[in-house]
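See below for the structure under consideration.
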Amino acid sequence: QAKTPAHLPICFFTQEMNVRVRERLQLEQDLHLAVERGELELYFQPIVQSGQCQPVGAEVLLRWQHPQNGIISPATFIPLAEASGLIVTIGDWVLRQACSWLRHWLDLGLTPGPLAINISRLQLQDRLVTVIRDLASEYRIATHMLELEMTENILLDDHVQVSKTLDQLQAMGIKLSLDDFGTGYSSLSYLRRFSFDALKIDRSFIQGLPQDQDGCALIGAIVVMAHRLGLRVVAEGVETVEQRDFLRQQGCDFLQGYLLGRPMTASAYQATLPCFSAANE
Ligand code: C2E
Ligand code: MG
Ligand code: MG
Ligand code: MG
C-alpha cells in the first residue's frame with residue numbers, strides 16, 4: 001500500500017477549514033443585517049392537547065430567509081447569534097413580533113392560544129422581565145398568552161441570578177417549559193432546583209416509539225414523575241399515528257410534531273384559529 005504523503009491531507013484540511021471559517025464569519029456578518037433587512041420571520045408550530053386536533057397554542061420557531069443561501073435553519077444561525085451576543089437583539093425582536101401577532105389576531109376576533117417562545121441563556125437577565133412586561137402592556141397582551149421555553153444549558157450560568165429571573169417571570173404569570181428534556185447532563189437536578197410548569201420530552205425519545213421498549217418505559221416514567229411534580233408534559237417530534245396513540249395512552253398532556261402540524265407561516269397558522277364566537281359556542 002502506497003503511503004499518503006503526509007503533507008497532503010493537512011493541506012486539504014487547512015483549506016477546508018479556511019473556507020468554513022470564512023463562511024461562518026460571512027454568515028455572522030449577514031445575521032447582523034438580517035433583522036434590519038427583515039429577513040427573519042416567525043413560524044408557528046401547533047401544539048395540541050392529547051386526543052384532540054384543534055391547537056391549544058403554538059411554538060414560535062424562527063426562520064431566516066437569506067438573500068443568497070435560501071432558508072437557513074435556526075439550528076445553524078441561533079448558535080452563531082448566541083456566540084456573538086446578537087441573540088439578545090434577535091430575541092427582543094422575536095418577543096415583539098410574537099406580541100404583535102397576538103394583538104393582530106385578537107383584533108380580528110380570533111382566539112389564539114398562548115405562544116411558546118424559545119429563550120437563550122444570554123437573554124435570561126433582569127432586563128428580560130422588563131422587556132416582556134413592557135411589550136405585554138404596549139400590545140395589551142395578558143401575560144398568560146406568553147410562555148417561555150429554555151434548555152438546560154441556561155442553568156449552567158449563575159444559578160442565583162437565573163432562578164431570580166425565572167421567579168420574577170412566573171410571578172408575572174408567564175409559564176416556563178424545560179425544553180429538550182432528557183438530553184442534558186442533569187435534567188433531574190434541574191427539575192428539583194427550578195420550578196418549571198412543563199417539560200418537553202425531546203424528539204430523540206419519541207423517534208423509536210412504540211417499538212423501542214426501553215424508550216416506552218422511559219416515556220411512561222417521565223410522565224408519571226412530571227405529574228407527581230405538578231408539571232405538564234409535552235412530547236416533541238410526534239410524526240406517526242402510533243406515536244400519538246402511545247403518548248396519549250401514557251397520559252402525555254400535549255403533543256407537537258409533523259403529524260399534528262408542521263411549523264407554518266403566520267397566515268397559515270391564523271387560518272387554523274377559531275374565532276371568538278365559535279370558541280364560545
Ligand atoms: P426546539 O425548541 O426543540 O424546537 C423544536 C424543533 O423540532 C424545531 O426545529 C421543529 O421544527 C422541529 N420539529 C417539530 N416537530 C418535528 C417532527 O415531527 N419531526 C422532526 N424531525 N422535527 C420536528 P427548528 O425550527 O429547526 O428549530 C431548532 C431549534 O432552534 C429549536 O429547537 C430551538 O432550540 C432553536 N430556536 C428556534 N427558534 C428560536 C428562537 O426564536 N430563539 C431561540 N433562542 N432559539 C430558537
Ligand atoms: Mg422549543
Ligand atoms: Mg425542543
Ligand atoms: Mg430541540
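- Although no hydrogens or angles enter the test, the distance criterion places a donor-acceptor pair under 3.5 Å between the side chain of Thr143 and the main chain of Met172.
- Contact check on Glu82 versus Arg121 returns no salt bridge, with no Lys/Arg side-chain nitrogen under 4.0 Å from an Asp/Glu carboxylate oxygen.
- At least one side-chain heavy atom of Leu61 sits less than 4.5 Å from a side-chain heavy atom of Asn118.
- Between the side chains of Glu147 and Ser177, no donor-acceptor pair is found at a separation under 3.5 Å.
- A donor-acceptor pair is defined here as one N or O able to donate and one able to accept, closer than 3.5 Å; such a pair exists between the side chain of Arg103 and the backbone of Arg140.
- Hydrophobic clustering keeps Val56 apart from Phe196 (ILVMFWY residues linked when any side-chain heavy atoms are closer than 4.5 Å, directly or through intermediates).
- Of the possible polar contacts, none joining the Thr272 side chain to the Ala268 backbone as a donor-acceptor pair under 3.5 Å is found.
- Here the side chains of Leu31 and Ile90 are in contact, with some heavy-atom distance below 4.5 Å.
- Inter-residue side-chain proximity for Gln49 and Asp253 is flagged as unmet; no heavy-atom pair is nearer than 4.5 Å.
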Stepwise salt bridge (charged side-chain N to carboxylate O under 4.0 Å, His left out) check, Glu138 with Arg96: CA-CA 10 Å; Glu138 180 180 343; Arg96 174 172 290 278; 3.0 Å; yes

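- Taken to the nearest 0.5 Å, the CG atom of Leu106 stands 8.5 Å off from the OG1 atom of Thr111.
- Note: the hydrophobic cluster containing Tyr43 does not contain Leu255 (ILVMFWY, side chain heavy atoms under 4.5 Å, direct or indirect links).
- Among all heavy-atom pairs drawn from Ile206 and Ala235, the shortest one is CD1-CB, 3.9 Å.
- A centroid separation of 6.0 Å or more is found between the aromatic rings of Trp105 and Tyr139.
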Asp30/Gln26 under side chain to side chain contact (heavy atoms under 4.5 Å, CB included): CA gap, chis, key distance, verdict: CA-CA 6 Å; Asp30 293 351; Gln26 183 62 53; 3.0 Å; yes

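- Hydrophobic clustering (side-chain heavy atoms under 4.5 Å, transitive across Ile, Leu, Val, Met, Phe, Trp, Tyr) groups Leu229 together with Leu178.
- Among residue pairs with one or both ends in residues 48-91, those qualifying as ring pair (Phe, Tyr, Trp, His ring centres under 6.0 Å) are Trp64-His66, Trp64-Phe77; sequence neighbours excluded.
- Cluster annotation: Phe246 is not connected to Val224 through the hydrophobic network of ILVMFWY side chains, with a link wherever side-chain heavy atoms come within less than 4.5 Å.
- If you take CD1 on Ile201 and CG on Leu218, they are separated by 9.0 Å, rounding to the nearest 0.5 Å.
- One finds the CD atom of Glu41 at 9.5 Å from the CG atom of Leu62 (value rounded to the nearest 0.5 Å).
- Remark: Leu86 CG to Ile78 CD1 distance equals 9.5 Å, nearest 0.5 Å.
- When atom types are taken as modelled, the side chain of Gln123 and the backbone of Ser120 share a donor-acceptor pair closer than 3.5 angstrom.
- Under the 3.5 Å distance criterion, with hydrogens and angles disregarded, no donor-acceptor pair is assigned to the side chains of Gln249 and Asp245.
- With hydrogens and angles disregarded, a donor-acceptor distance shorter than 3.5 Å links the side chain of Gln170 to the backbone of Ser195.
- Side-chain contact check for Leu33 versus Glu36: some heavy-atom pair is nearer than 4.5 Å.
- Of the possible polar contacts, one joining the Asp197 side chain to the Leu176 backbone as a donor-acceptor pair under 3.5 Å is found.
- Side-chain atoms of Trp101 and Val60, non-hydrogen and from C-beta on, never get closer than 4.5 Å to each other.
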Side chain to side chain contact (heavy atoms under 4.5 Å, CB included) between Val234 and Leu199, worked out: CA-CA 6 Å; Val234 188; Leu199 61 83; over 6 Å; no

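- The line from OG of Ser84 to CZ of Arg24 is 8.5 Å long, rounded to the nearest 0.5 Å.
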Full working for side chain to side chain contact (heavy atoms under 4.5 Å, CB included) between Val162 and Phe194: CA-CA 9 Å; Val162 167; Phe194 304 96; 4.2 Å; yes

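- Looking at heavy atoms from C-beta onward, Phe254 lies out of side-chain contact with Lys200 at the 4.5 angstrom threshold.
- Counting heavy atoms from C-beta outward, Leu209 and Val238 have side chains that stay 4.5 Å or more apart.
- Taking CD of Gln68 as the start and CG of Leu27 as the end, the distance is 10.5 Å to the nearest 0.5 Å.
- Looking only at side-chain heavy atoms (C-beta outward), Ile72 and Gln65 stay at 4.5 Å or farther from each other.
- Closest approach of Gln54 to Pro274, counting heavy atoms only: NE2-CD, 3.4 Å.
- A donor-acceptor contact closer than 3.5 angstrom links the side chains of Glu59 and Gln256.
- Nearest heavy atoms, Pro210 versus Glu242: CD-CB, 3.8 Å.
- Heavy atoms only, all atoms of each residue included: Val233 and Cys252 are closest at O-SG, 3.7 Å.
- Between Gln250 and Gly220, the shortest heavy-atom distance links the atoms OE1-CA, 3.2 Å.
- Hydrophobic clustering (ILVMFWY, side-chain heavy atoms < 4.5 Å, transitive): Tyr269 and Ile71 are in distinct clusters.
- Taking all atoms of both residues into account, the shortest heavy-atom contact from Leu146 to Cys99 is CD1-SG, 4.1 Å.
- Taking 4.0 Å as the cut-off between side-chain N and carboxylate O, Arg203 and Asp180 do not count as a salt-bridged pair.
- Although no hydrogens or angles enter the test, the distance criterion places a donor-acceptor pair under 3.5 Å between the side chain of Gln243 and the main chain of Thr240.
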Test log, rule side chain to side chain contact (heavy atoms under 4.5 Å, CB included), inputs Ile119 and Glu149: CA-CA 6 Å; Ile119 293 289; Glu149 296 189 2; over 6 Å; no

